[in-house]
Each structure stands twice: as C-alpha cells, then as structure tokens.
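Everything on this sheet refers to the single structure shown next.
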2 protein chains.
Amino acid sequence: MLQSMVDTLRDPLPDFPGYSLRRAANATSAELSARLGTLDLRQVDASAMMLIESNPGVTGSALARQLDIQRANMVPLLKRLEDAGLIDRAPIDGKSQGLELTTTGRERVTAARHTIETFEHELLARVPEEHRAHLLPALNALWQ
Amino acid sequence: MLQSMVDTLRDPLPDFPGYSLRRAANATSAELSARLGTLDLRQVDASAMMLIESNPGVTGSALARQLDIQRANMVPLLKRLEDAGLIDRAPIDGKSQGLELTTTGRERVTAARHTIETFEHELLARVPEEHRAHLLPALNALWQ
DNA sequence: GACTTATTGTTATCAGCGATAACATTCGCG
DNA sequence: CGCGAATGTTATCGCTGATAACAATAAGTC
C-alpha cells in the first residue's frame, strides 16, 4: 500500500531534534504571544521588563547584550515601552541612560509574569513526567 | 554589593522553559541556516525537500499541512525550489499538482541531510549525557 | 592634557518566517 | 446538476532579528 493511498505522509522530520526544537518553539511562542497580547505586550517586551525589574537602572546596551538583541533593535522596543508608560529613562551620563519600570510598568510586569508562569506550567504538563525535569537543563545547554 | 557594580545582570529569564526554548531555537536555527546557506538552501527548503523525497508526488497543500505552513507561503517556497531546478511539478488533475525531486534536487537533499545530521549530532553533544535522551521526546510532546 | 579607541544611542534598511484575506478554478459529493 | 470544499495563487502585513553607518560621548594610553 502506497502512502498516497492514505492521507498521512511519511515524515522523517520529527526525528531531528533541531526541527522539533523549531516546531516546539513556534507552537509555544504563538500561544504565549496570544496570551501576552491581552496585556498589550509582546514576548520581548515582557522579557525586557522582567530584566529591568531585576536590574533597575540598567542601561539599554546592557539589556541588549543580556537578551542577545542587537542594540539597534532596542530602540523601537524601548520607545514602545516608554510610549506605553511602562518604563522611564534617566540619563546616567552624557551618553548612557538608565531604565526603570514605572508604577504601571511594575503592575504590568507582575501580570505578565503571572501569565507566563501559568503558561509554563501548562507547557511542562504536556511533557511526560519522566522527561519533564530534563527539558530545561537540556535546552539551556543548547545556547548558554 | 549591588549588581550595578559588576557587569553581569541578574537574569531570571533562563528559568522559564518557554524563554529557554525560544533562545535555544534561535541560536541553533541561526547556526543551521548558516550551514545550509552554503548549499543555497533555507531551513524550510530542506524540510520541504525531505518531505517530498519521502513522499514523491505529494501535493503542495498536503506539504503545507504537514509542515504547518500556510498554503499561501508555499507559493514562493515552491517557486524558489523550481527555479533552482530542485523540484518538478506535474499536474495531477485540473487543480492539484504533484511534486517530485529532480536529480539535482535528490543530490542537494542528500547533501542537506548530511549537513543537518552533522549539526544535530553536534547539538546533542552539547547536552549533558543524563539529559540527552530526554530532549527529543520532551520537545515532541510540546507540539505534536 | 591630548589622542585614540570603545561604547552608546540612533536611523535606515533588509531577510526569514509566518499569518490573513480574498479570489478563481476545479473537484467531489449528495 | 449544484453546492460546498479544496487547491493554487496574489497581495499585504507583523514579528523578530541582522547589518551598516553615524554622531556624540566616555575611557584608556602615552
């Protein structure tokens, strides 16, 4: 019986960890984006805000380095957060500026963290128990 | 000692599997793209070609479903592969067309598979042995 | 202190991947 | 036959990230 007689395809791709990694990231990313969208936040926004929360006064460049984002890409990101009243910028010296969350920003990041933690919990629940504890360390080994 | 006195930031993000997943996917994806670039292939190209290889005569729509790509996005993809002489399209009926690899396409996908397998091997080598076997099943559980 | 180098913030532009909406043509089923 | 579903297609958009260039400023060196 040929595969063309059924509607399922032979698919060798899920055997590749790299492919599976990309698919998993896409699928989960889309879902999280949708949830953060209800808070008017993108994923990068939430990441950046959590980092600012943990490191008040941090500079835009340092943030970019930590998130592995190009400095150039921080500009629209920070502008967006500032325009939304979520962060403040205060000049440190003539060329650097320190970032801090506003009160609204702190509230928003708390909501975002709640959304994210709920989501991560659901994510891990999908993973069979015997693999669960290995996921995070395995992933971190791939990029850290 | 304040964190501002050192150059490392407090970073709570790598504790989130979702974040780690995204970072890992980005990092590995960039690396693989660079390697496939030497074969004049994108990642999606290689994926699509492997799927066509395993299912000769498959239709564009079926391919899109399997890869979770929008039908609309298959158009430039298939055009690119056809223009590069890697695939052939043969009308099945008035509206469907079957896809097949050309001889060049078969050679190219073989090279691509070799590149990918080497890459995947290196990827897994980065993961501590005790976590290694759990990565693929855990990832697959997240999207399949 | 002067000079050179590195860093910061910024503009502009591009690529990859994916999503949505709309449309004409054609197939399949009742 | 007729109608709903599927196919291929066009056009357009959004998110994420990358590169190149630039002016201003800070930091390190002699």
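Since we're looking at a predicted model, the values are computed, not measured. Here is the naming used below: chain letters follow the sequence lines, and residue numbers restart at 1 for every chain.
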Check the distance between [N]'s [atom2] and [X]'s [atom1] and give it to me in whole angstrom.
X: Asp45(A); N: dC15(D); atom1: CG; atom2: P; answer: 10 Å
X: Leu36(A); N: dG14(D); atom1: CG; atom2: C1'; answer: 16 Å
X: Leu63(B); N: dG18(C); atom1: CG; atom2: P; answer: 13 Å
X: Gln43(A); N: dG18(C); atom1: CD; atom2: P; answer: 15 Å
X: Glu31(A); N: dA19(C); atom1: CD; atom2: P; answer: 14 Å
X: Asp40(B); N: dG16(C); atom1: CG; atom2: P; answer: 11 Å

Look at Gln70(B) and dA19(C) and indicate whether a side-chain polar atom (N or O) is within less than 4.0 Å of OP1 or OP2.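 Checking dA19(C) against Gln70(B), a side-chain N or O does come within under 4.0 Å of OP1 or OP2.
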Would you say Asn26(B) reaches dG17(D)'s phosphate, i.e. side-chain N/O to OP1/OP2 under 4.0 Å?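 Indeed, a polar side-chain atom of Asn26(B) lies that close.
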In B/S/- notation, 5' to 3', how is nucleotides 5-13 of chain D contacted by protein heavy atoms closer than 4.0 Å? -BBBBBB--
With no hydrogens and no angle check, do the side chains of Thr59(B) and Gln97(B) hold a donor and an acceptor under 3.5 Å apart?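 Short answer, no.
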When the nearest nucleotide of DNA chain D is assigned to Leu67(A) and to Asp93(A) on a heavy-atom basis, which residue is associated with the more 5' position?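 Taking each residue's closest nucleotide, the earlier one in sequence belongs to Leu67(A).
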Step-by-step side chain to side chain contact (heavy atoms under 4.5 Å, CB included) determination, Lys79(A) to Arg89(A): CA-CA 10 Å; Lys79(A) 180 175 182 343; Arg89(A) 318 195 210 194; 4.1 Å; yes
Audit row: Arg126(B), Glu31(B), salt bridge (Lys or Arg N to Asp or Glu O under 4.0 Å) steps and yes/no: CA-CA 14 Å; Arg126(B) 295 184 203 169; Glu31(B) 208 172 320; 3.0 Å; yes
Let's see if you can work this out: which of dA18(D), dC17(C), dT20(C) has an atom nearest to the side-chain heavy atoms of Arg42(B)?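 That would be dC17(C).
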Gln43(B) side-chain N/O to Ser29(B) backbone N/O, donor-acceptor pair under 3.5 Å: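 Judged by distance alone, yes, a pair lies under 3.5 Å.
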